[in-house]
Amino acid sequence: MTARTSLTIVLAAGEGTRMRSSMPKVLHQVAGQSLLAHVLGAAPKGTERTGAALAVVIGPDHQAVAQEISRVRPDAKTFIQRERLGTAHAVLAARDAIARGADDLLIAFGDTPLISAATFARLRAALKSGAGVAVLGFRAVDPTGYGRLLVEGGRLVDIREHADASAEVRAITLCNAGVMAFDGRRALEIIEKIGNANSKREYYLVDAVAIARQMGLEAVVIETSEDEVRGINTKAQLAEAESVMQARLRQAALAAGVTLIAPETVYLAADTSFGNDVVIEPFVVIGPGVSIADGAVIHSFSHIVQASIGKKASVGPYARLRPGTSLGDGARIGNFVETKAAILEAGVKVNHLSYIGDAHVGANSNIGAGTITCNYDGFSKHKTMIGAGAFVGTNSSLVAPVNIGAGAYIGSGSVITKDVPDDALAVERSPQTNREGGAKRYRELKTRDKPPKGG
Ligand code: UD1
Ligand code: MG
């Protein structure tokens, strides 16, 4: 038997007025990823070619949303709903996609980021066993505002929107989560029959249930937890969803063997990846695009975004790794060090109080306390290249563009504006006192084949 094909339509045309933001609602983030990206990530995987098509309905002025869609799921088709006339009207904006006739039509909302792939699979299983419509339901602690599921004799017979519900119906706590699945061959026929005879004059997708039943199709409820279907309408709800998601990510990290000493103080991103035996100390914030390899330790109060951390590397306490940072195996980044667009090869040490940006640092180099790569001249950014095994003395400014050769020694307090050849001793613009002595002593030690210590 061949696998069933699917079309998932995500509705995201809403303005999200209650967020009180100039940004479209679905672009707000949970765990470093847009609400929309979470939903698209949970939808059945694949492309239209492999039988898992994806469509998103957005508002007319939502260029930024369209961009986010093509970034996360380039295969997804975007449809524009010109007027907001209700959820059924929004679904019909994607009529062309529905008309192609997938076996399963799944509808989800772009502002429900905690939905899981497993739930979509459960709804599809109900269709496979013969249901015409499957609706995701949940028991709401406070059902106010939600559509109520009317169940008779174990069968779903109708959904009533809160605004149109009697006091008796409002007492029902089984609510519509908003996610629905339809027999894809009947969906268009059902949804086109939906009218707008209700208090808001909107085309309600929920009316599909009663219509499907009139057509002799069976409707069923698939229940899930309230946490999974939290919709985001306000900043307070966004914060609640963040806390639910963080709890999930911490549990997943612990289950994968990551040591979190105080999990509730560590913030992760949806895409954080961990090797084996990683230790994360309390109060660490990890943004999107971070991978941490085997045996690495992240000490307290570090902030890391779009960075890859090599095996047995050590970061912090109080380190800031900005986008484009790559730490080689065993590299050490100490307190009050900031890195950006910096490749630090294996064994590099930057232990204290430094800024290393737009730089490449060769293996086993030692960057002394207070070293600054002066990457910006007020107009553009320039690169600092440091060869392997170099020693940069404390409080040095490396004025980019500049190349420091492999094995070179920079005397402390130097301001380096010209390239320094391999193995050269450079002491620039600084009194010749102790520093030259330091340079000589370094060379002596090096010729005696002892590696330099400290930074
Ligand atoms: C909807 C359901 C309700 C359910 C609740 C769960 C309907 C009629 N009601 O109500 O039963 O309990 O979700 O959270 O379906 N949208 C569009 N275009 C429109 C209208 C809506 O794209 O014209 C999108 C919104 O951006 C949003 C989703 O559809 O992503 C739901 O719309 P919303 O207005 O939030 O519906 P609710 O009143 O919450
Ligand atoms: Mg809503």
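The model shown is predicted, which means the values in this text are computed figures rather than measured ones. Values below: all heavy atoms of this structure, side chains included; hydrogens, waters and symmetry mates excluded. Just follow the structure's listing: the first ligand is 1, and inside any ligand the first atom is 1. In this chain, numbering begins with 1 at the start of the sequence shown.
- Protein heavy atom closest to atom 14 (O) of ligand 1, with residue, atom name and distance, is Tyr146 CE2, 3.7 Å.
- Taking a 4.0 Å cut-off on heavy atoms, Val57 fails to register as neighbouring ligand 1.
- Within a 4.0 Å radius of atom 33 (P) of ligand 1, the protein has no heavy atom.
- Checking only distances, Ile159 never comes within under 3.5 Å of ligand 1, N or O to N or O.
- For ligand 1, the polar-atom distance check against Gly14 finds a nitrogen or oxygen pair separated by under 3.5 Å.
- A salt bridge is absent between Glu161 and Lys200; no separation between the charged side-chain nitrogens and carboxylate oxygens falls under 4.0 Å.
- Heavy atoms of Ala88 found under 4.0 angstrom from ligand 1: none, in either backbone or side chain.
- Taking the ring centre of Tyr146 as origin, the terminal cationic atom of Arg170 falls outside the region bounded by 6.0 Å and 45° from the ring axis.
- The pair Asp358-Lys340 counts as a salt bridge, with a side-chain nitrogen and a carboxylate oxygen less than 4.0 angstrom apart.
- Of all the atoms in ligand 1, the ones that sit under 4.0 Å from a non-hydrogen atom of Gly147 are 3 (C), 4 (C), 11 (O), 12 (O).
- Short contacts between ligand 1 and Thr87, defined as distances under 4.0 Å to a heavy atom of the residue, involve ligand atoms 7 (C), 8 (C), 15 (O), 20 (C), 21 (C), 29 (O), 31 (C), 32 (O).
- The nearest heavy-atom contact from the protein to atom 30 (O) of ligand 1 is Leu11 O, 3.1 Å.
- When Arg230, His162, Arg84 are ranked by how near their heavy atoms come to atom 25 (C) of ligand 1, first place goes to Arg84.
- Scanning all protein heavy atoms for the shortest distance to atom 4 (C) of ligand 1 gives Asn176 O, 3.2 Å.
- Judged by the shortest distance from any of its heavy atoms, Gln81 lies inside the 4.0 Å radius around the atoms of ligand 1.
- Using a 4.0 Å cut-off between charged nitrogen and carboxylate oxygen, Arg84 and Glu15 do not count as a salt-bridge pair.
- Using a 4.0 Å cut-off between heavy atoms, Glu202 makes no contact with ligand 1 at all.
- From the protein, the heavy atom lying nearest to atom 3 (C) of ligand 1 is Glu161 OE2, 3.3 Å.
- Within the 4.0 Å heavy-atom cutoff, Gly231 does not count among the residues contacting ligand 1.
- Under 3.5 Å, the side chains of Asn375 and Thr373 contain no donor-acceptor pair of N or O atoms.
- Residue Arg332 qualifies as open at atom CZ: its count of foreign heavy atoms under 6.0 Å is 12 or below.
- Within a 4.0 Å radius of atom 38 (O) of ligand 1, the protein contributes no non-hydrogen atoms.
- Side chains of Gln63 and Gln67: no donor on one and acceptor on the other come within 3.5 Å.
- Atoms of ligand 1 found under 4.0 Å from any heavy atom of Ala90, numbered from 1 in the order shown, are 17 (C), 18 (N), 22 (O).
- Heavy atoms of other residues, nucleotides or ligands lying less than 6.0 angstrom from CZ of Phe301 number more than 12.
- For atom 13 (O) of ligand 1, the closest non-hydrogen atom of the protein is Phe109 CE1, 3.2 Å.
- Annotation for Tyr318: atom OH does not count as buried by contact number, only 12 or fewer foreign heavy atoms lying within 6.0 Å.
- Looking at every heavy atom in both residues, Leu7 comes nearest to Leu54 through CD1-N, 4.2 Å.
- Checking atom 23 (O) of ligand 1 against the protein gives a heavy-atom contact under 4.0 Å.
- Near Gly86, meaning under 4.0 Å from any of its heavy atoms, are these atoms of ligand 1: 19 (C), 20 (C), 23 (O).
- Remark: of the listed residues Arg4, Lys128, Arg185, Arg4 is the sole one forming a side chain to side chain donor-acceptor pair (under 3.5 Å) with Asp104.
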